[in-house]
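Residue numbering restarts at 1 for every chain, and letters A, B, ... go by the order of the sequence lines.
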Protein chains: 2
Amino acid sequence: MTSLAPPNPPAPPSPGELMDRLARAAAAYYRNFAAVAAGDGLTLMQGKVLSLLRRPMPMRTLAELLACDASNVTGIIDRLEARDLVRREADPADRRVKLVLLTETGQEAVRRIRAGVLADLDGLAALAAPDREALGRLLDQVFPD
Amino acid sequence: MTSLAPPNPPAPPSPGELMDRLARAAAAYYRNFAAVAAGDGLTLMQGKVLSLLRRPMPMRTLAELLACDASNVTGIIDRLEARDLVRREADPADRRVKLVLLTETGQEAVRRIRAGVLADLDGLAALAAPDREALGRLLDQVFPD
DNA sequence: TATTGTTATACTCTATAACTATA
DNA sequence: TATAGTTATAGAGTATAACAATA
């Protein structure tokens, strides 16, 4: 017996299948992000750091957000600072702390990256408001952060 | 006027806000994956390669799936082979091609990684079947691959 | 004493270019 | 000629350990 219109509703994926789907989605997101960042001559990690700097923050906070050792952040920020994309500033409240902030050039790069990533996610732009609400809610449930 | 129960439905996120949510979800997925892989002494990339090897495949195919240059795959497979997690085999149909396949040890590592990632995604295990179907469908729309 | 950031070190990942074996 | 895989090289990301400055 072959199915006639309307087609059968799709079977819900098992948790394992959904995990695989999440893995492919995460890979696709970063492939897209890395390609856009490369358009500005930036690596994936450099693009991530710039995108995280919506506000000035200590090196230490950056390391926590990137889930890497603090010693790595020194080199990453060195390379971004050499290209005038970020600046280090002393924290007046605690002289051990260095605050990292975007320069004007860095802010422009972030705007280009965000626009580029969004432009490549045409499937997201086509999503109706209820679907956007559902996707946001489901992602919050799976990744409470 | 303060809201009484039931609370107002949440406002749908804008495409830009949803993009940020996707970025955090992708980061959380890889943070989880990398931590589980590290439990087996594997890097993120090594864990990804093992997970991709559901079937034997040429080095070239692996490079395409990883979206990296083929020369990188040589070193990654070298290190996995030195730990007896994968093997190279000549392709009888084309002697230029080397097929990479999981050893028994490699298959065990993949099972541990998959179980570990799934176990850490407790928000996913708690999802009811209709929510799993909706999330899978929405991810397919945003990341058609 | 504890914390922040840096340096030194070693290893992994990465792209580019040049090479070989095979098609 | 074209393709699959490797090697050599240089640069970037990574964790660990030790250090100076500050709290």
Side-chain angles (χ1 to χ4, degrees), chain A residues 27 30-31 33-53 56-83 85-101 109, chain B residues 27 30-31 33-53 56-83 85-101 109:
Chain A
Y30 277 120
R31 187 162 53 243
F33 186 96
V36 171
D40 263 69
L42 296 166
T43 66
L44 171 64
M45 204 52 46
Q46 289 168 347
K48 278 171 81 167
V49 167
L50 294 185
S51 298
L52 285 171
L53 286 173
M57 59 181 68
M59 305 282 286
R60 183 67 45 171
T61 305
L62 225 27
E64 283 158 9
L65 292 174
L66 296 169
C68 74
D69 191 83
S71 62
N72 303 322
V73 181
T74 299
I76 296 173
I77 296 300
D78 280 350
R79 288 181 280 273
L80 290 174
E81 199 168 27
R83 294 174 54 180
L85 293 164
V86 304
R87 263 188 312 116
R88 286 168 163 101
E89 263 188 19
D91 183 344
D94 183 341
R95 286 165 46 193
R96 292 173 303 180
V97 172
K98 288 181 187 169
L99 298 172
V100 185
L101 50 94
Chain B
Y30 277 120
R31 186 162 55 243
F33 187 97
V36 171
D40 263 69
L42 296 166
T43 66
L44 171 64
M45 204 52 46
Q46 290 167 347
K48 278 171 81 167
V49 167
L50 294 184
S51 299
L52 286 172
L53 285 173
M57 59 180 69
M59 305 282 287
R60 184 68 45 173
T61 305
L62 226 26
E64 283 158 10
L65 291 175
L66 295 169
C68 75
D69 191 84
S71 63
N72 302 322
V73 181
T74 299
I76 296 174
I77 296 299
D78 280 349
R79 288 181 280 274
L80 291 173
E81 199 167 29
R83 293 174 56 179
L85 293 164
V86 304
R87 261 188 314 117
R88 285 166 163 103
E89 264 189 18
D91 183 344
D94 184 340
R95 285 164 47 194
R96 291 174 303 179
V97 173
K98 289 182 188 167
L99 298 173
V100 186
L101 50 94

CG-CG distance between B:L52 and B:L66, expressed to the nearest 0.5 angstrom: 5.5 Å
Between CE on residue A:M45 and CD1 on residue A:I76, distance to nearest 0.5 Å: 6.0 Å
Whole-Å distance separating the CD atom of B:Q46 from the P atom of C:dT14: 11 Å
Relative orientation of the end axes in the helix from C:dT1-D:dA23 to C:dA23-D:dT1, expressed as an angle to the nearest 10° (five pairs per end): 0°
Side chain to side chain donor-acceptor pair (under 3.5 Å) involving B:N72 - partner list, sequence neighbours excluded: none
Residue-level proximity of residues 92-99 of chain B to DNA chain D when a heavy atom falls under 4.0 Å: B:R96, B:V97, B:K98
For A:Y30, ring pair (Phe, Tyr, Trp, His ring centres under 6.0 Å) partners two or more places apart: B:Y30
Nearest-0.5 Å distance that lies between atom CG in A:L80 and atom CG in A:L85: 6.0 Å
Counterpart residues, salt bridge (Lys or Arg N to Asp or Glu O under 4.0 Å), relative to A:E64 (two or more places apart): none
Side-chain donor or acceptor of B:D40 paired with backbone N/O of B:L42 under 3.5 Å: no
Salt bridge (Lys or Arg N to Asp or Glu O under 4.0 Å) pairs, two or more places apart, involving residues 73-83 of chain B: B:D78-B:R88, B:E81-B:R88
Results of side chain to side chain contact (heavy atoms under 4.5 Å, CB included) for B:L53 - residues two or more places apart only: B:V49, B:M57, B:L62, B:V86, B:V100, B:L102
Residues in side chain to side chain donor-acceptor pair (under 3.5 Å) contact with A:S71, at least two apart in sequence or another chain: A:D69
Contact nearer the 5' end of DNA chain D, comparing A:N72 with B:N72: B:N72
Interatomic spacing from CG in B:L65 to CZ in A:R31 - rounded to 0.5 Å: 8.5 Å
Counterpart residues, side chain to side chain donor-acceptor pair (under 3.5 Å), relative to B:R95 (two or more places apart): none
Bounds of contact between DNA chain D and chain A, in 5' to 3' order, using a heavy-atom cut-off under 4.0 Å: D:dA12 to D:dA23
Interface with DNA chain D, restricted to residues 63-71 of chain A and to heavy atoms under 4.0 Å: A:C68, A:D69, A:S71
Separation of C:dT4 P from A:R88 CZ (nearest whole Å): 16 Å
Residues forming a side chain to side chain donor-acceptor pair (under 3.5 Å) with A:R60, sequence neighbours excluded: none
Along DNA chain D (nearest heavy atom to each residue), the more 5'-positioned of A:R79 and B:G75: B:G75
Integer-rounded Å distance: C:dT14 P and A:Y30 OH: 14 Å
